[in-house]
Each structure stands twice: as structure tokens, then as C-alpha cells.
Protein chains: 2
Amino acid sequence: MSICSYMKGITLIVTEQIEICDVPMVDPEKVDRVKRALTDEETNDRLSHVFGALADPTRLRIIDALSREELCVCDISAALGLSQSATSHQLRTFRQLRLVRQRREGRLVFYSLDGFWTKIVIFIF
Amino acid sequence: MSICSYMKGITLIVTEQIEICDVPMVDPEKVDRVKRALTDEETNDRLSHVFGALADPTRLRIIDALSREELCVCDISAALGLSQSATSHQLRTFRQLRLVRQRREGRLVFYSLDGFWTKIVIFIF
DNA sequence: GGCATATATGAGCATCTGTTCATATATGAA
DNA sequence: TTCATATATGAACAGATGCTCATATATGCC
């Protein structure tokens with residue numbers, strides 16, 4: 001929900017609204033309706049980050065690979081023709097977003113998709 | 001399908017394989033299985049572009065808005081607090097990926113989501 | 001035609017991103 | 001402990017990205 005949605009009747013900051021929203025409107029009612037319906041900012045940001053994780057060909061390939069089998073870092077690298085470093089950096093992105101699980105087995109670390117993927121879909125569509 | 005998958009028995013370019021895939025492997029069979037299963041490069045690229053379109057908070061907000069109602073450029077701008085130029089530039093991204101429809105009505109151009117969104121989901125998940 | 005408005009687009013710029021390279025950490029084996 | 005291997009991470013750099021500003025195009029009205 002954007003700031004402008006809460007502006008009605010708050011005279012004090014109406015000037016701010018004019019500054020922020022100085023774009024002409026065709027259908028103010030529709031605009032207001034849409035503004036109210038919008039997803040909250042936190043969710044929007046979180047979601048854009050998740051899509052960002054899939055927005056790079058290399059990362060999408062890694063997800064593609066992990067959707068087939070659980071793989072250790074070196075096997076991901078081998079399967080996709082990536083350097084160990086590049087693979088590890090990209091896996092960090094996934095880890096931070098909790099899109100993958102990791103499991104250590106001796107010197108190897110095995111990655112797999114978190115059982116979370118279906119949630120994304122439900123979320124947006 | 002990567003080059004390496006086709007390398008079996010082709011002695012002539014085995015040296016190339018060694019150069020490309022100089023990362024140690026733990027489970028060559030698994031690596032090979034995964035390589036065979038991977039989505040083709042064209043689809044992978046296309047898909048990463050689509051996700052890229054959703055990977056920016058501003059663009060995701062536009063999609064969010066358009067998922068509620070058909071909107072003209074200035075109303076999108078107004079609803080999201082964006083400049084007309086920024087909005088137009090981002091809509092261009094969507095147009096190029098055919099993620100939106102556009103309909104001109106006088107001086108206004110109305111945008112709406114293409115009925116295509118469900119396809120993405122089916123594709124990956 | 002001439003003017004106003006809605007949208008599109010190119011240039012320029014600051015920021016973000018993905019890679020490589022070097023190095024650190026972690027585990028296992030000798 | 002010492003060495004080798006697997007993974008993680010920081011720095012640096014080239015390329016991509018998203019914005020603004022200026023301007024072009026397109027339509028409607030006079």
C-alpha cells in the first residue's frame with residue numbers, strides 16, 4: 001500500500017502528495033482502487049528478489065539442474081561448465097533467499113531445491 | 001543440451017572437453033544424466049528474460065497493478081508514483097517480451113497483462 | 001495548419017551484477 | 001601436524017540496468 005492511499009483528509013502532507021504524484025491522471029478513482037489493491041512493499045521487494053534469482057541464465061540453469069537431482073558444488077560446475085567460484089557465488093544468492101537446502105557430506109556440500117518452489121507460484125498467480 | 005553430452009566416442013574434440021570442463025567431478029554418471037536432462041539453451045534464455053522482467057521492484061509493481069485492472073500509462077505512473085518516462089521505459093521491456101497487450105484509445109494507450117502468465121508457471125514447475 | 005496532451009525513445013550517468021583471481025576455511029587422509 | 005581437496009568469500013573489473021532529462025512521435029481539438 002503506497003503512501004498516497006493514506007493521504008485522504010490529511011491536509012498537512014497534501015503538498016507532499018502533489019510533489020510525489022505530479023503525473024496527470026485519467027481516472028483518479030481507478031488509480032485509487034489499484035493503489036489500495038497493491039501488494040505491500042515488503043512482499044513486493046522479497047518477490048522481486050526471488051525472481052531476480054531466476055533472472056540470470058546461469059542461475060536458472062543451476063535451478064534446472066537441481067530440479068533433477070541433488071548435486072554437490074563440483075558436479076554442478078561440471079554439468080554446467082562453470083568455474084567452482086562462479087557456482088559457489090551463485091549458490092550464495094540462493095542460500096540467502098532460502099531457495100536451496102544444503103547438506104554436508106565429508107568435504108562435499110550437496111545442494112537441492114527447497115520444497116518451497118510451489119509457494120512462489122501460488123503467491124503471484 | 002551442452003556440447004559435452006555429445007562428446008562420447010568423438011576423439012577429435014576430447015581435448016576441447018578437457019579444456020572446457022576442467023572442474024573435478026564426484027559422480028560423472030550423475031553429471032551426465034543431469035546434462036542430458038537440462039532444458040535447451042534457447043528456452044533457458046527466454047525464461048531468464050521473463051523472470052528478469054519480474055526481477056525489479058518497479059516492474060513487479062506494474063505487473064501487480066495491471067493484474068488488477070487495465071491501465072493507461074499515466075494512470076500507472078500515478079498509481080505507482082513513477083515518472084512517465086520511467087513507466088514507459090519499463091513497459092517497453094514488457095512489450096518486447098510480449099508480456100502485455102496494448103490498446104490505443106485516442107491519445108491514451110491502455111496496457112493489460114497478456115493471457116500468457118499461467119504458461120510460465122507450467123513451464124518451470 | 002497550429003497547439004496541447006499522451007506516449008515513446010535516445011543519451012548519459014550512477015548503480016548493480018556476474019565473473020575471474022586470489023585466498024581463506026573446512027574436512028579427510030597420511 | 002602436514003598435505004590435498006572441496007567449498008566459500010573478498011576485491012576488482014567489465015558489462016548490464018534503471019533512472020532522469022531532453023526530445024520525438026502521435027493523436028485530438030481549435
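Sequence lines set the chain letters: A, B, ... in the order given, protein chains first and strands last, and positions in each chain run from 1. Quick caveat: nothing in here was measured; it's all calculated off a predicted structure.
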Measure the distance from [atom1] on [X] to [atom2] on [N] and round it to the nearest whole Å.
X	N	atom1	atom2	value
A:Leu108	C:dA29	CG	P	11 Å
B:Gln96	D:dT17	CD	P	11 Å
A:Ile62	C:dG18	CD1	C1'	11 Å
A:Arg59	C:dC16	CZ	C1'	12 Å
A:Phe94	C:dT17	CZ	C1'	14 Å
A:Leu80	C:dT19	CG	C1'	15 Å
A:Leu60	C:dG18	CG	P	12 Å
A:Ile76	D:dA6	CD1	P	14 Å

Hey, is the side chain of [X] poking within less than 4.0 Å of OP1 or OP2 on [N], counting only N and O atoms?
X	N	result
A:Arg107	D:dA4	no
A:Thr58	C:dT19	yes
A:Ser83	C:dT19	no

### For B:Glu69, side chain to side chain donor-acceptor pair (under 3.5 Å) partners two or more places apart
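B:Glu69: side chain to side chain donor-acceptor pair (under 3.5 Å) contacts with A:Arg33.
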### Message
List the residues meeting side chain to side chain donor-acceptor pair (under 3.5 Å) with B:Arg104, not counting sequence neighbours, and say none if there are none.
### Response
none
Enumerate all atom pairs, one protein N or O and one N or O from nucleotides 8-11 of chain D, separated by less than 3.5 Å.
| from | atom 1 | to | atom 2 | distance (Å) |
| --- | --- | --- | --- | --- |
| D:dA8 | OP1 | A:Tyr111 | OH | 2.6 |
| D:dA8 | OP2 | A:Ser88 | OG | 2.8 |
| D:dA8 | N7 | A:Gln84 | NE2 | 2.9 |
| D:dA8 | N6 | A:Gln84 | OE1 | 3.3 |
| D:dT9 | OP2 | A:Arg95 | NH1 | 3.4 |
| D:dT9 | O4 | A:Ser85 | OG | 2.8 |
| D:dG10 | O6 | A:His89 | NE2 | 2.8 |

### Query
By side chain to side chain contact (heavy atoms under 4.5 Å, CB included), which residues pair with A:Ser88, not counting sequence neighbours?
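Side chain to side chain contact (heavy atoms under 4.5 Å, CB included) check on A:Ser88 returns A:Gln84.
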### Message
Could you work out, with salt bridge (charged side-chain N to carboxylate O under 4.0 Å, His left out) as the rule, every residue matching B:Asp56, not counting sequence neighbours?
### Response
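For B:Asp56, no residue satisfies salt bridge (charged side-chain N to carboxylate O under 4.0 Å, His left out) once neighbours in sequence are set aside.
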### Query
How would you list, by chain and number, every residue that makes a salt bridge (charged side-chain N to carboxylate O under 4.0 Å, His left out) with B:Glu105, sequence neighbours excluded?
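B:Glu105 satisfies salt bridge (charged side-chain N to carboxylate O under 4.0 Å, His left out) with B:Arg103 only.
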### A:Thr93 side chain near A:Arg59 side chain, heavy-atom distance below 4.5 Å
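In short, these two side chains touch, coming nearer than 4.5 Å.
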### Query
DNA chain C: A:Asp56 or B:Phe110, which has the more 5' nearest nucleotide?
B:Phe110
### Atom pair CZ (A:Arg61) and CG (A:Leu80), whose distance is rounded to the nearest 0.5 Å
7.0 Å
